[in-house]
Amino acid sequence: MPELPDLSAFSHNLQKKLKGKTIRNIEIHSAKKLNATHADFEKALKHQTFKKIVRDGKELYFTTKDGTVVALHLMLRGQLFVDDKEHKSAVVTITFDDDTKFTMADYQGLANIRLNPEEPDAPDALATSVTLSYFRDQLASTKATIKNFLLDQHNLRGIGNAYADEILWDARISPFSICSKIPEEQVEELYHSIRKVLEHAEKQILKSNPDIISGEVRDFMVIHNASKTESPDGAKIHQKVAGGRKTYYTDEQELFK
DNA sequence: TGGCATGTTGGCGA
DNA sequence: CTCGCCAACATGCC
């Protein structure tokens, strides 16, 4: 359930906790779609040292000193732990020379690990390569609704259901607007809202949960929040199920069709 | 108590 | 080819 800002906060804290530690052992307990064998993972990681831990899209990338990359995707229910315990539903456990254990667990079994993942075709939502003109051209060439566009990881990577609603409210654009019909001025609003909402959220999360490496923080959300009935400006929040997930929006958001 | 929440994949129909 | 929608995955939470 963690989304982009949560994952950014996790990477920040994992970097503090795990950077410089040397891997004694890696155990993969269960993983449905491994892109390498257990032996490959062991060979690539044993005795290696983590140098850098970053978020990329909805994944966490752990890079070792020799350039090996381990990618973790938490999917819906993945949880991370840094401690000395065994965890139920562990997908992978990495043990370091100082006996610290890093575990990714998921009772649903969907969280996954990949070794040296291929470079994705779509840019991260916050990448500097996503310029206003790039974004404008992308929107101009699609007839999908803007919410579906933001959620589709083949366009921009990292935005999930809850933040898509927050971003669209911030830009005052209806989630059901057709991408190619959104006027220039609102496209620019949206472009800035993506950065503003996601960066603000990460700051909020780190402020209230400075050591967070798992779970999610949602209490500051103004629209995608089941405990709220009105937007900050007093408009009634509507709910509609689209594509199997709930969309929260208000009449303050203009519909372009 | 029992829906609801979440992301991704693959398949179907318009 | 493009787009929307659905099921499946499994369980903690209110």
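Everything quoted here is computed from the prediction, not taken from an experiment. Just so it is clear: chains get the letters A, B, ... in the order the sequence lines come, proteins before strands, and each one is counted from 1.
- To the nearest angstrom, C1' of B:dG7 lies 14 Å from CG of A:Leu4.
- Under a hydrophobic-cluster definition in which Ile, Leu, Val, Met, Phe, Trp and Tyr are linked whenever side-chain heavy atoms come within less than 4.5 Å, directly or via other members, A:Leu150 and A:Leu132 are assigned to the same cluster.
- At whole-Å resolution of the value, OH in A:Tyr248 and P in B:dC4 are 11 Å apart.
- One N or O donor and one acceptor, one from the side chain of A:Arg77 and one from the base of B:dA5, sit under 3.5 Å apart.
- When the side-chain nitrogen and oxygen atoms of A:Arg245 are compared with OP1 and OP2 of B:dA5, none of them lie within a distance under 4.0 Å.
- Across C:dC14 and B:dT6, the matching P atoms stand 13 Å from one another, rounded to whole Å.
- Annotation: cation-pi geometry satisfied between A:Lys240 and A:Phe176 (NZ/CZ under 6.0 angstrom from ring centroid, within 45° of ring axis).
- Taking every side-chain heavy atom of A:Gln108 into account, C:dA10 is the closest of C:dA10, C:dG12, B:dT8.
- For A:Leu110, the side-chain atoms get nearest to B:dG7 when compared with the rest of C:dC3, C:dG12, B:dG7.
- Classification of A:Arg24 and A:Asp99 as a salt-bridged pair holds, one side-chain N sitting under 4.0 Å from a carboxylate O.
- Comparing A:Tyr107 and A:Met75 by the nucleotide of DNA chain B whose heavy atom lies nearest to each, the residue mapping closer to the 5' end is A:Tyr107.
- A:His192 and A:Asp170 share no donor-acceptor pair across their side chains, judged by distance under 3.5 Å alone.
- Between A:Arg157 and A:Asp56, at least one side-chain nitrogen of the basic residue sits less than 4.0 Å from a carboxylate oxygen of the acidic one, meeting the salt-bridge criterion.
- As rounded to whole Å, 13 Å separates atom C1' of B:dG7 from atom NE2 of A:His224.
- Within 4.0 Å (heavy atoms only), A:His154 reaches no atom of the nucleic acid at all.
- Residue-level contact check: A:Asp106 touches neither bases nor backbone, having no heavy atom under 4.0 Å from any strand.
- Distances shown here put a side-chain N or O of A:His73 below 4.0 Å from the OP1 or OP2 atom of B:dT8.
- Taking atom CZ of A:Phe149 as the reference point, atom C1' of C:dC3 lies 14 Å away to the nearest angstrom.
- A straight line from CG of A:Asn112 to C1' of C:dC9 spans 13 Å, rounded to a whole angstrom.
- As the counterpart of C:dC6, B:dG10 is assigned, both hydrogen-bonding distances of the Watson-Crick or G-U wobble pattern falling under 3.5 Å.
- Across B:dT1 and C:dC9, the matching C1' atoms stand 23 Å from one another, rounded to whole Å.
- Per the geometry, NZ belonging to A:Lys147 stands 14 Å off C1' belonging to C:dG4, to the nearest Å.
- Closest-nucleotide positions on DNA chain C for A:Val241 and A:Lys143 were compared, and the one nearer the 5' end corresponds to A:Lys143.
- In this structure, the CD1 atom of A:Ile178 is 16 Å from the P atom of C:dT2, given to the nearest Å.
- For the OP1/OP2 pair of C:dG4 and a distance below 4.0 Å, the side-chain nitrogens and oxygens of A:Thr145 include at least one atom meeting the criterion.
- The CG atom of A:Leu156 sits 16 Å away from the C1' atom of B:dG7 (whole-angstrom rounding).
- Neither OP1 nor OP2 of B:dC4 sits under 4.0 Å from any side-chain N or O of A:Lys246.
- The aromatic rings of A:Phe220 and A:His200 sit perpendicular, their planes meeting at an angle over 60°, well past the 30° parallel limit.
- Nucleic acid contact class of A:Arg218 (heavy atoms, under 4.0 Å, all strands): sugar-phosphate only.
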